[in-house]
> 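Below is one structure. I have some questions about it.
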Amino acid sequence: MSAGALTTVSFLPQVIKTYKSRSAQDLSLGMFLLFTLGVLLWTVYGIAIMKPAVYIANAVTLALAASLLYAKFKFKP
């Protein structure tokens, strides 16, 4: 549970920085696309095995990663 919470919360500083600066130029699009797909699959897996600790942590991480992907397209230079 602690591992899921820490890895999920680790995205908050990047999300905050990206939206404050209104720049996502330094974020790798390929990395975030692959990462977001991986987290989506972990979320689905957590639901399939009915483990809230897995799917809740990954669902929150998915939302944060998706917000960074959105910013990558919205804040084009």
Side-chain angles (χ1 to χ4, degrees):
M1 183 87 155
S2 296
L6 289 172
T7 55
T8 299
V9 171
S10 72
F11 271 82
L12 278 176
Q14 185 65 57
V15 171
I16 292 167
K17 179 183 181 284
T18 299
Y19 278 86
K20 276 187 176 179
S21 68
R22 304 192 63 75
S23 172
Q25 186 174 356
D26 293 336
L27 298 178
S28 168
L29 178 60
M31 181 269 185
F32 269 95
L33 283 171
L34 291 171
F35 180 79
T36 303
L37 178 59
V39 173
L40 173 64
L41 293 174
W42 273 110
T43 304
V44 171
Y45 174 70
I47 292 168
I49 64 170
M50 295 183 285
K51 296 291 184 182
V54 175
Y55 68 76
I56 292 171
N58 282 290
V60 174
T61 303
L62 178 62
L64 293 171
S67 75
L68 288 172
L69 275 176
Y70 174 77
K72 183 71 175 168
F73 290 105
K74 181 178 180 182
F75 303 139
K76 290 194 177 212

> Is there a path of hydrophobic side-chain contacts, each under 4.5 Å between heavy atoms of I, L, V, M, F, W or Y residues, that connects L33 with L40?
yes
> Mind checking who shares a hydrophobic cluster with I49, ILVMFWY linked at side-chain heavy-atom distances under 4.5 Å?
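Direct or chained contacts put I49 with W42, Y45, V54.
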> Would F35 and T61 satisfy side-chain contact (heavy atoms from CB on, under 4.5 Å), going step by step from the backbone distance to the final call?
CA-CA 10 Å; F35 180 79; T61 303; 3.9 Å; yes
> Do you reckon V44 sits in the same ILVMFWY cluster as Y55, going by side-chain contacts under 4.5 Å, direct or chained?
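No, V44 does not connect to Y55 through the hydrophobic network.
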> What distance do K72 atom NZ and S23 atom OG have between them, rounded to the nearest 0.5 Å?
8.0 Å
> Could you measure the distance from the CG atom of L62 to the CG atom of L37? Nearest 0.5 Å is fine.
10.0 Å
> Table please: side-chain donor-acceptor pairs of residues 25-32 below 3.5 Å, with sequence neighbours left out.
unit_1: S28; atom_1: OG; unit_2: M31; atom_2: N; d: 3.2

> How close do T36 and A65 get, counting heavy atoms only, and between which atoms?
OG1-CB, 3.6 Å
> For T18, what residues pass the side chain to side chain donor-acceptor pair (under 3.5 Å) criterion, not counting sequence neighbours?
Q14
> Treat each ILVMFWY residue as a node, draw an edge where side-chain heavy atoms are under 4.5 Å apart, and state whether I56 and L41 are in one component.
no
> Could you state whether V9 and I16 fall into the same hydrophobic cluster, counting links through intermediate Ile, Leu, Val, Met, Phe, Trp or Tyr residues with side-chain heavy atoms under 4.5 angstrom apart?
no
> Rounded to the nearest 0.5 Å, what separates atom CG in L69 from atom CG in L64?
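Output value for this atom pair is 11.5 Å.
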> Are I47 and V39 in one and the same hydrophobic cluster, where Ile, Leu, Val, Met, Phe, Trp and Tyr link if side-chain heavy atoms are under 4.5 Å apart?
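I47 and V39: separate clusters.
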> Give me the atom names and distance for the closest heavy-atom approach of A53 to A57.
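Shortest heavy-atom separation between A53 and A57 comes out as O-CB, 3.4 Å.
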